[in-house]
Amino acid sequence: MAANDPFASVYHGPAADVRNAITLTPDNSNDITTVTNGIYINGASAGNVDVMMVDGSASISLNLLARTFYPLRIKRLYTTTSVTVVGLY
């Protein structure tokens with residue numbers, strides 16, 4: 001099922017409002033329910049985060065610091081991700 005993107009036509013600056021947060025479940029085959037406005041790396045240590053960006057053109061692997069907000073609009077979180085990722089909407 002395709003990810004819902006209710007903010008597709010809205011400007012997404014670094015100070016975009018966050019109104020909801022949910023721990024994301026990695027899945028190699030299915031998109032997350034709603035495209036994120038950003039992600040938060042939850043936990044005590046840095047780790048790899050493997051994602052597909054909102055436009056679907058790039059699947060990337062990032063080494064991200066823990067307890068940090070990143071303004072990434074993602075639609076898929078892969079199972080090779082090694083940390084807990086919270087999706088912010």
Please check this pair: side chain of Tyr78 against backbone of Met52, looking for a donor-acceptor N/O pair closer than 3.5 Å.
no
Donor-acceptor under 3.5 Å (Asn48 side chain, Ser82 main chain)
no
For the student: nearest non-hydrogen atoms of [X] and [Y], plus distance:
X     : Y     : result
Tyr70 : Leu65 : OH-N, 2.9 Å
Ala66 : Ala44 : CB-C, 3.8 Å
Val83 : Gly47 : CG1-CA, 3.4 Å
Tyr40 : Phe69 : CD1-N, 4.0 Å
Met53 : Lys75 : O-CG, 3.7 Å

Is there a side-chain contact between Ile60 and Val51 (heavy atoms, below 4.5 Å)?
yes
If you count heavy atoms of other groups shown closer than 6.0 angstrom to CD1 of Ile22, is the number above 12?
no
If you round to the nearest 0.5 Å, how far is [atom2] of [Y] from [atom1] of [X]?
X     : Y     : atom1 : atom2 : answer
Leu24 : Leu77 : CG    : CG    : 5.5 Å
Thr36 : Asn20 : OG1   : CG    : 12.0 Å
Arg76 : Asn30 : CZ    : CG    : 6.5 Å

Scan Leu88, Leu62, Ile74, Val86 and name whichever one has a side-chain contact (heavy atoms from CB on, under 4.5 Å) with Ile39.
Ile74
List the steps, then state whether side chain to side chain contact (heavy atoms under 4.5 Å, CB included) holds for Ile41 with Arg67.
CA-CA 5 Å; Ile41 307 306; Arg67 300 181 184 144; over 6 Å; no
Side-chain donor-acceptor pair under 3.5 Å between Thr81 and Asp50, yes or no?
no
